[in-house]
Each structure stands twice: as C-alpha cells, then as structure tokens.
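Everything on this sheet refers to the single structure shown next.
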Amino acid sequence: WVRWIPLHLSLRQISRAGQYAVTPLLLIVVVLALGIYTASLAASLDQWLLDRIYYNVGSDASFLPMPPGSEGGDSSSSSEAIDVSWVPTQAEFGELPGVVSAGRVGRYPATIPSEGDKELRGHFLGVDRADFARVAWFRKDFANDSLGALMNLLAYDDANVLVPQQYLDLTKRRVGDKIQLQITYDEISVREEFKIAGVYEYFPSVYEDDLTIVGNLDYLF
C-alpha cells in the first residue's frame, strides 16, 4: 500500500502544474517512439540480410567437393583436369566435426518446353528429397506447401518435378501435366518426360531470371 504514495503524489503535482509537465512528457514520448522505431528497423535489416544470404546459399554451407590432389577450386578448369566422378558420401560428411546433416544437390542446364514449339533455357535442380528437407533453409511464404510436403510430392513418383508459378502462368500448364525436359551435363544429354507434381513461388538458391525445375537427383542419375 505504501509504495503507491509516490505515484499518487506525483500525479497530484502534475495535475496542479500540468503546463510545466507537458513539454518534458512529449519529449519522453517522442524519444521512446524513435528508440522503438530504430530498434525495429535495425532488427528488420539484420533479418533481411540474413535471409538474403541463406536464400543465396540455400543452407548453412554449400560447396563443391574436390578430389584429393587437386589444387584450388578454379571453376574455369576443364572436366578433363578434374575427376568429377569422385564425390564423398553423406556418411563421410556426417563424420566431420560440427556437421549435423548433409545432402547432395545437382544443378544442370536444361531445355524446358514452352508455348508451341518454343523452348526455354533454364536449369534442372536435382535434390535428395529425404536429406534436402533436413539441410535446406526454407520459409513458409516460399510456397503454399511446406518443404516437407513438397519433398513428399517428389516421393510419390521418381519422375515428379516442382515448377515455379511463373512457368505455369507463362505456359498455361497445370499440376498433373507432363513435360519433356532435355538435361545436359558436359557432353551427356538426356531427354525425359516428367510430371508436374507441385508449384513453388521461391526456392532456395533459385532466382526469377533463372527458370529452374526441381526433381529427384537419383532418378536423373
């Protein structure tokens, strides 16, 4: 009961001499409002930068394994100089200190059918659906379905793929339609029929100017 006396007396004093308290009170309100706004803006900018980095990388870390004895990682080196068939298994990565989980991702140039006889150039992003859901960074506003649900769509059929919404808007195709993709790696080129099983608005490491179809990596192999 006693601790309310200072507050009671302070309010009485303000009511008697309110004209002297208005200016300091307004200053306090303005300073608090500016402080809240600045803190909120800083937190938003920090989260925006973090999201941009995660979206570009796709996970906590992304890298290209290099065979023992290769010097550096110059991407301009030809496939003859690097033994691209040497790739560690997930189990080997899982034994590294600090590694919780790992998953393979392959990005290959692809020719994608459009209206009529036209074709679009883009990429085929092959993923290991079980491992990808554990390691990939994903936000709920990237698609109508969660990442786990999208990976389940790929699990129903090895030939299922996920396409960006802009592709459906451009070609007037729908979920359930089949498309012919020509996928190329070095001098190897395959043409195969895939089925549109799901749609995404955004996908980690995929940008709007790069039409990308997401599918099963093992099926492509």
Side-chain angles (χ1 to χ4, degrees), residues 43 46-68 70 72-75 79 82-110 112 122-167 175 181 183-185 192 194-221:
D46 287 344
Q47 188 61 47
W48 172 81
L49 178 60
L50 188 65
D51 287 353
R52 281 185 62 90
I53 296 174
Y54 262 115
Y55 188 86
N56 182 55
V57 177
S59 183
D60 289 330
S62 176
F63 54 90
L64 176 66
M66 303 297 291
S70 61
D74 188 2
S75 60
S79 59
I82 300 176
D83 181 13
V84 294
S85 64
W86 180 89
V87 178
T89 63
Q90 271 95 313
E92 293 179 76
F93 287 117
E95 295 174 356
L96 297 177
V99 175
V100 177
S101 184
R104 298 178 303 167
V105 176
R107 186 186 298 272
Y108 308 98
I112 306 167
H123 286 88
F124 181 89
L125 185 68
V127 299
D128 282 334
R129 56 181 181 269
D131 298 318
F132 188 79
R134 291 196 296 263
V135 301
W137 177 81
F138 199 82
R139 260 181 13 191
K140 62 181 181 180
D141 59 334
F142 285 178
N144 292 329
D145 300 314
S146 65
L147 180 59
L150 293 177
M151 295 298 103
N152 287 337
L153 294 176
L154 296 181
Y156 291 145
D157 190 332
D158 288 339
N160 282 355
V161 292
L162 308 174
V163 301
Q165 181 62 47
Q166 61 174 348
Y167 177 71
V175 174
L181 300 181
I183 305 170
T184 305
Y185 176 72
E192 184 66 28
F194 294 87
K195 180 181 178 181
I196 300 176
V199 183
Y200 67 85
E201 289 284 350
Y202 302 97
F203 204 83
S205 73
V206 174
Y207 291 90
E208 293 182 359
D209 57 350
D210 181 16
L211 180 59
T212 302
I213 306 296
V214 181
N216 290 297
L217 185 62
D218 282 336
Y219 182 67
L220 176 62
F221 287 164

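For the atom pair CZ (Phe124) and OG1 (Thr184), the distance works out to 12.5 Å, reported to the nearest 0.5 Å. Atoms CD1 and CD1, from Ile213 and Ile196 in turn, are 7.0 Å apart once rounded to the nearest 0.5 Å. Ile53 contributes atom CD1, which lies 12.0 Å from atom CG of Asp60 (distance to the nearest 0.5 angstrom). The line from CD1 of Ile112 to OG1 of Thr212 is 7.0 Å long, rounded to the nearest 0.5 Å. Taken from CG in Leu220 to OH in Tyr108, the straight-line distance is 6.0 Å, to the nearest 0.5 Å. Rounding to the nearest 0.5 angstrom, the gap separating the NZ atom in Lys140 from the CG atom in Asp145 is 14.5 Å.
Between Phe132 and Phe203, a ring centre-to-centre spacing shorter than 6.0 Å is recorded. Aromatic pair Phe138/Tyr200: ring centres not closer than 6.0 Å. Taking the six-membered ring for Trp and the full ring otherwise, the centers of Tyr55 and Phe142 sit less than 6.0 Å from each other.
A search for salt bridge (Lys or Arg N to Asp or Glu O under 4.0 Å) contacts involving Asp218 returns Arg104, not counting sequence neighbours. Residues that satisfy the side-chain hydrogen bond (donor to acceptor under 3.5 Å, both in side chains) test with Gln165, not counting sequence neighbours, are Asp169. In this structure, the salt bridge (Lys or Arg N to Asp or Glu O under 4.0 Å) partners of Asp141, at least two apart in sequence or on a different chain, are Arg139.
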From CA spacing to verdict: side-chain contact (heavy atoms from CB on, under 4.5 Å), Leu154, Val127 | CA-CA 10 Å; Leu154 296 181; Val127 299; 4.1 Å; yes
Take Leu162 and Met151, measure what side-chain contact (heavy atoms from CB on, under 4.5 Å) needs, and give me the verdict at the end.
-> CA-CA 9 Å; Leu162 308 174; Met151 295 298 103; 4.2 Å; yes
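Shortest non-hydrogen contact noted between Arg107 and Ser205 is NH2-OG, 2.8 Å. Scanning all heavy atoms of the two residues, the minimum distance from Ala197 to Val175 falls at O-CG1, 3.7 Å. Annotation for Leu211 and Pro164: closest pair CD1-CG, 3.4 Å, computed over non-hydrogen atoms.
Ring geometry, Trp137 versus Tyr54: the interplanar angle falls under 30°, so the pair is classed parallel (tilted spans 30 to 60°).
Remark: the backbone N or O of Leu153 is paired with a side-chain donor or acceptor of Asn160 at under 3.5 angstrom. Remark: the backbone N or O of Tyr219 is not paired with any side-chain donor or acceptor of Asp158 at under 3.5 angstrom. Checked by atom type and distance alone, the side chain of Asn152 pairs as donor or acceptor with a backbone atom of Gly148 at under 3.5 Å. Put simply, the side chain of Ser59 gets close to the backbone of Val135: a donor and an acceptor are under 3.5 Å apart.
The environment of Asp210 atom CG is dense: over 12 non-hydrogen atoms of other residues, nucleotides or ligands sit within 6.0 angstrom.
Of the candidates Val163, Ile183, Asp157, Phe194 forms a side chain to side chain contact (heavy atoms under 4.5 Å, CB included) with just one, namely Ile183.
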